[in-house]
Amino acid sequence: MKRRAALGWTLWPLAAWAETPAPAVPAVNLGQWLSALVLVLGLIFLGAWLLRRLGSFSRLAPGRFRVLAAVSLGARERAVLLQAGGKQLVLGVAPGRVETLCVLEGTDSIPVEEAPPPPEAAGLFAQRLAELLNRKRP
């Protein structure tokens with residue numbers, strides 16, 4: 001009898017735990033979760049697209065600051081002709097360093113012709129790929 005009473009006393013915490021109701025677990029609706037994920041990803045892609053369309057948020061007006069020409073002087077050194085407003089700057093560019101070589105204004109400025117646009121490399125590649133795919137195999 002003592003043994004049975006002792007056994008009942010040791011199992012009492014388990015019995016009390018089994019009688020307590022489990023906390024309510026909210027049901028996760030997979031459709032709501034996926035739609036929220038798609039909405040967040042869509043907002044991220046929309047923000048990236050808007051940043052690309054608007055360009056950089058420069059303090060200068062568009063077209064007033066541009067690279068006119070560049071030439072390589074060594075493995076990692078370049079000379080760059082830069083248009084900034086009504087001035088032209090000749091810059092020496094090296095890793096970790098940019099130095100103004102000279103400033104050209106008015107009649108000293110160098111006339112730069114616009115280069116012709118490069119040929120449509122993507123169109124040539126697509127045409128060549130189509131030719132290779134349409135060629136009969138032996």
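With rounding to the nearest 0.5 angstrom, the CG atom of Leu34 is 12.5 Å from the CG atom of Leu39.
No side-chain heavy atom of Gln88 sits less than 4.5 Å from a side-chain heavy atom of Val90.
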Determine all donor-acceptor pairs shorter than 3.5 Å in which one atom belongs to a side chain in residues 95-104; sequence neighbours excluded.
| unit_1 | atom_1 | unit_2 | atom_2 | d |
| --- | --- | --- | --- | --- |
| Arg97 | NE | Glu99 | OE1 | 3.2 |
| Arg97 | NH2 | Glu99 | OE1 | 2.6 |

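Residue pairs that meet the side chain to side chain donor-acceptor pair (under 3.5 Å) test with at least one member in residues 67-81, sequence neighbours left out, do not exist here.
The side-chain contact (heavy atoms from CB on, under 4.5 Å) check on Val67 picks up Val80, Leu82, with sequence neighbours excluded. The side-chain contact (heavy atoms from CB on, under 4.5 Å) search around Gln32 returns Asn29, not counting sequence neighbours. A search for side-chain contact (heavy atoms from CB on, under 4.5 Å) contacts involving Val38 returns nothing, not counting sequence neighbours. Not counting sequence neighbours, Glu105 has no partner by the salt bridge (charged side-chain N to carboxylate O under 4.0 Å, His left out) test.
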